[in-house]
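Every heavy atom of this structure was used, including side-chain atoms; hydrogens, water molecules and symmetry mates were not.
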Amino acid sequence: MDEYSRFVDWDKMDVSAQSQDTKELTCTDFHELKQLARQGYWAKNHSLRAKVYHKLISNIPCRTVTPDANVYRDIVVKIIGKRSSSSLPLPEFVDNSLIPTYCLNAEGIGAVRKIILCISNQFPDISFCPALPSVIALLLHYSKDEAECFEQVCRILACNDPSKRLIDQTFLAFESSCMTFGDLVNKYCQAAHKLMVAVSEDVLEVYSDWQRWLFGELPMAYIARVFDVFLVEGYKVLYRVALALLKFFHKVRAGQPMESDSIQQDIRAFVRDIAKSVSPERLLEKAFAIRLFSRKEIQLLQMANEKALQQKGITVKQKSCLLMFQQNVHLAVHAENFKSEIVSVKEMRDIWSWIPERFALCQPLLLFTTLEHGCSLSRFYSHSEGHEPTLLLIKTTAKEVCGAYLSTDWSERRRGGNKLSFFGTGECFVFRLQPEVERYEWVIIKHPELASTGSETENHTQPASSTLSSSSIPSDPSDRLSPFLAARHFNLPSKTASMFMAGSSECIIVGGGDGQALYLDADLNHGRTSHCNTFNNQPLCSESFQISILEVWGFRD
């Protein structure tokens with residue numbers, strides 16, 4: 001074959017898919033390179049892919065002192081000695097990870113362990129990196145020798161560009177990425193997420209497998225195509241592909257009985273056998289059809305999840321800490337500690353499965369209830385302020401139950417002075433529990449006229465026609481994107497904040513997705529809803545209703 005065939009078992013490779021045509025890659029423009037990677041320009045030429053990998057990895061900005069091929073040649077004999085490759089113990093940071101062999105021959109399989117041990121010697125700061133064996137195994141297919149593969153992996157690990165995230169190397173980074181993936185599933189794969197909640201006691205444990213789906217279970221032809229794009233576009237590609245895998249799993253398995261006692265095992269088996277249902281091209285097509293949030297927004301969400309884990313003291317993989325973390329998610333709403341006059345424990349757990357992962361670690365704390373504190377909007381504010389986020393629950397006299405997850409402290413309403421100004425973030429959503437369960441999210445209510453004109457704000461007690469009209473709710477799905485997190489937390493410009501919630505001494509307005517909006521009078525006895533007819537979803541509740549009970553819940557560590 002070619003000079004990059006030393007570790008390849010060609011009987012396992014799909015040679016029929018390989019082209020021997022001589023190709024060169026001369027483009028340097030990022031956007032052109034991105035399109036070529038997505039189209040699989042170098043996917044069918046083994047030698048060309050090897051050269052492209054070498055070129056892309058060589059361009060990764062790295063630490064000044066990054067181990068290279070010569071370092072490997074100097075240390076490999078000292079570290080490995082005369083031991084058999086198959087008997088070499090793996091370092092703890094790979095967590096006994098599945099070590100895929102893909103299409104490696106016997107020499108290549110042994111080389112994976114040798115390179116892992118040498119990397120462990122050169123990178124003592126790595127504490128958790130389960131994707132490493134797969135990355136090494138993959139790159140060995142396109143390396144002339146072990147030393148070259150070692151150097152390429154080292155460059156990926158030593159990347160020092162803060163805007164270019166590649167491989168998680170600590171438990172904190174890994175676990176926060178799992179939480180971030182859970183948040184993305186909650187938004188982009190709601191049908192699949194609903195299934196996970198229904199069949200799994202610990203949804204986060206299922207989502208903690210997301211990197212294993214890619215770096216462990218995906219067949220060689222698929223992970224190589226993913227890696228092509230990953231080297232060009234970075235970490236966000238991994239989220240895209242994992243979401244696409246979950247979408248396909250739900251589509252193929254919808255309505256079918258589980259094949260095992262574990263949804264985790266079922267997903268792993270589906271990914272291993274994905275060739276039966278989805279081609280690599282179709283997988284990538286699906287992945288890039290998802291209108292994912294910007295890289296900046298995902299980074300902010302990742303930071304928030306890391307902060308939540310640090311506050312819980314979960315920064316390293318310790319069995320006791322991890323067990324507490326996993327149980328905390330499921331037991332946050334515990335029957336013995338939870339009592340609401342509006343929702344049951346099961347219903348509250350359903351709501352908990354919708355909220356961002358970093359807050360799902362917390363326990364619900366009752367802040368305000370009309371049964372105890374009366375129907376006073378001022379008391380509503382006084383009990384709710386200082387808490388972020390909060391959960392609003394409403395039960396009507398017609399036995400309807402609806403509510404809202406509100407990401408921002410109600411004290412933010414004062415920023416507009418006497419004006420009825422909107423605030424909030426893209427994590428907000430409204431929902432209905434009775435008569436049917438439905439969640440509406442991610443549409444931003446836009447009211448620039450409330451902030452810019454005096455005529456509207458002078459009489460801000462007129463919400464029925466002006467502030468809740470369906471014309472104020474964007475029908476274009478492209479308008480649904482908004483920052484995840486409160487602007488003041490990350491010094492983002494205020495203009496980027498979603499206008500989701502508003503409050504004054506006269507009323508409360510909460511806007512939801514799919515054209516839903518909720519208005520509450522100052523006496524907290526009456527409310528109205530607005531429903532945009534351009535969407536097919538059912539209304540949040542009756543257009544005009546009387547409130548039987550209203551509760552506000554906070555989140556307690």
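More than 12 heavy atoms of other residues, nucleotides or ligands sit less than 6.0 Å from atom NZ of K164. More than 12 heavy atoms of other residues, nucleotides or ligands sit less than 6.0 Å from atom NZ of K55. No more than 12 heavy atoms of other residues, nucleotides or ligands lie within 6.0 Å of NZ in K194, so this atom counts as exposed by the packing criterion.
In this structure, the side chain of D273 does not engage the main chain of K276 through any donor-acceptor pair within 3.5 Å. Checked by atom type and distance alone, the side chain of Q122 never pairs as donor or acceptor with a backbone atom of I119 at under 3.5 Å. A donor-acceptor contact shorter than 3.5 Å is absent between the side chain of S5 and the backbone of V8. Remark: the backbone N or O of L88 is paired with a side-chain donor or acceptor of R113 at under 3.5 angstrom. Formation of a donor-acceptor pair under 3.5 Å by the H250 side chain with backbone atoms of K247 is not found in this model.
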| field | From CA spacing to verdict: side chain to side chain contact (heavy atoms under 4.5 Å, CB included), W213, L246 | value | CA-CA 10 Å; W213 304 341; L246 201 57; 3.8 Å; yes
| Chi angles and distances behind the side chain to side chain contact (heavy atoms under 4.5 Å, CB included) call for T180, E357 | CA-CA 7 Å; T180 302; E357 294 286 0; over 6 Å; no
| What's the verdict on side chain to side chain contact (heavy atoms under 4.5 Å, CB included) for V185 and M196, showing C-alpha distance, side-chain angles and the deciding distance? | CA-CA 10 Å; V185 173; M196 300 303 127; 5.8 Å; no
| request: Could you give me the CA-CA distance, side-chain angles and deciding distance for F174 and F128, then say whether ring-ring contact (aromatic ring centres under 6.0 Å, His included) is met? | output: CA-CA 8 Å; F174 171 81; F128 196 76; 5.0 Å; yes
| message | Set out, in order, the CA-CA distance, both residues' side-chain angles and the distance that settles side-chain hydrogen bond (donor to acceptor under 3.5 Å, both in side chains) for Q211 and D168, then state yes or no. | response | CA-CA 10 Å; Q211 288 195 27; D168 295 329; 2.7 Å; yes
| request: Applying side chain to side chain contact (heavy atoms under 4.5 Å, CB included), run through C149 and V153 and close with a yes or a no. | output: CA-CA 6 Å; C149 179; V153 176; 4.3 Å; yes
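Scanning all heavy atoms of the two residues, the minimum distance from F270 to S277 falls at CE1-OG, 3.6 Å. In plain terms, the two heavy atoms of C129 and L157 that are nearest each other are SG-CD2, 4.4 Å. Looking at every heavy atom in both residues, F215 comes nearest to A131 through CD1-CB, 3.6 Å. Closest approach of L238 and L214 over heavy atoms only: O-CD1, 3.5 Å. When all heavy atoms of C154 and T66 are compared, the pair lying nearest together is O-CG2, 3.9 Å. Here the closest non-hydrogen pair linking L166 and I156 is CD1-O, 3.7 Å.
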Which side-chain N or O atoms in residues 216-224 pair as donor and acceptor under 3.5 Å with protein atoms at least two apart or in another chain?
residue, atom, partner, partner atom, Å
E217, OE1, R272, NH1, 3.1
E217, OE2, R212, NE, 2.8
E217, OE2, R212, NH2, 3.2
Y222, OH, V278, O, 2.4

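Residues S200 and E205 fail the side-chain proximity criterion, which asks for heavy atoms closer than 4.5 Å. M13 places a side-chain heavy atom less than 4.5 Å from the side chain of H46. Using a 4.5 Å heavy-atom threshold, the side chains of I60 and C159 count as touching. Annotation: side chain of F93 is not in contact with side chain of T170 (no heavy-atom distance under 4.5 Å). The shortest distance between side-chain heavy atoms of L36 and V232 does not fall below 4.5 Å. Contact check for L309 versus M179: side-chain heavy atoms found under the 4.5 Å cut-off. You'll find the side chain of I75 reaches within 4.5 Å of the side chain of V71, heavy atoms only. Within the 4.5 Å cutoff, no side-chain heavy atoms of E151 are placed close to those of S58.
Interatomic distance, CG of D209 versus CD1 of I263, reported as 11.0 Å (0.5 Å rounding). For the atom pair CD1 of I109 and CG of L104, the computed distance is 6.0 Å after rounding to the nearest 0.5 Å. Taking CD from E233 and CG from D228, the interatomic distance works out to 11.0 Å, rounded to the nearest 0.5 Å. To the nearest 0.5 Å, the span separating CD on Q302 from OG on S177 amounts to 5.5 Å. In this structure, I126 CD1 and L132 CG are separated by 6.5 Å, a value rounded to the nearest 0.5 Å. Taken from CG in L204 to OG in S353, the straight-line distance is 12.5 Å, to the nearest 0.5 Å.
A cation-pi contact, defined as under 6.0 Å to the ring centre and within 45° of the axis, links K286 to F248. A cation-pi arrangement is present between R439 and F429 under the rule of less than 6.0 angstrom and at most 45 degrees off the ring axis. A cation-pi contact, defined as under 6.0 Å to the ring centre and within 45° of the axis, links R38 to F288.
Side chains of Q299 and R165: a donor-acceptor N/O pair is absent below 3.5 angstrom, by distance only. Checked by atom type, the side-chain pair Y142/S47 shows no donor-acceptor distance below 3.5 Å. A donor atom on one side chain and an acceptor atom on the other are found under 3.5 Å apart for H193 and Y207.
Checked for salt-bridge contact, R6 and D145 miss the test: no charged N lies under 4.0 Å from a carboxylate O. Salt-bridge check for R63 with D125: passed, with a basic side-chain N closer than 4.0 Å to an acidic carboxylate O. A salt bridge between E427 and R358 is present, with a side-chain N of the basic residue lying under 4.0 Å from a carboxylate O of the acidic one.
The aromatic ring centres of W354 and F431 sit less than 6.0 Å apart. Note: Y53 and F227 meet the aromatic proximity criterion, with ring centroids under 6.0 Å apart.
Evaluation of the side chain to side chain contact (heavy atoms under 4.5 Å, CB included) rule for N105 yields F7, D9, E107 as partners, not counting sequence neighbours.
In this pair, Y239 and W210 present their aromatic rings parallel. The plane angle is below 30°, not in the 30 to 60° band.
Applying the side-chain hydrogen bond (donor to acceptor under 3.5 Å, both in side chains) test to residues at least two apart or on different chains, the pairs with a partner in residues 67-82 are N70-R73, Y72-E146.
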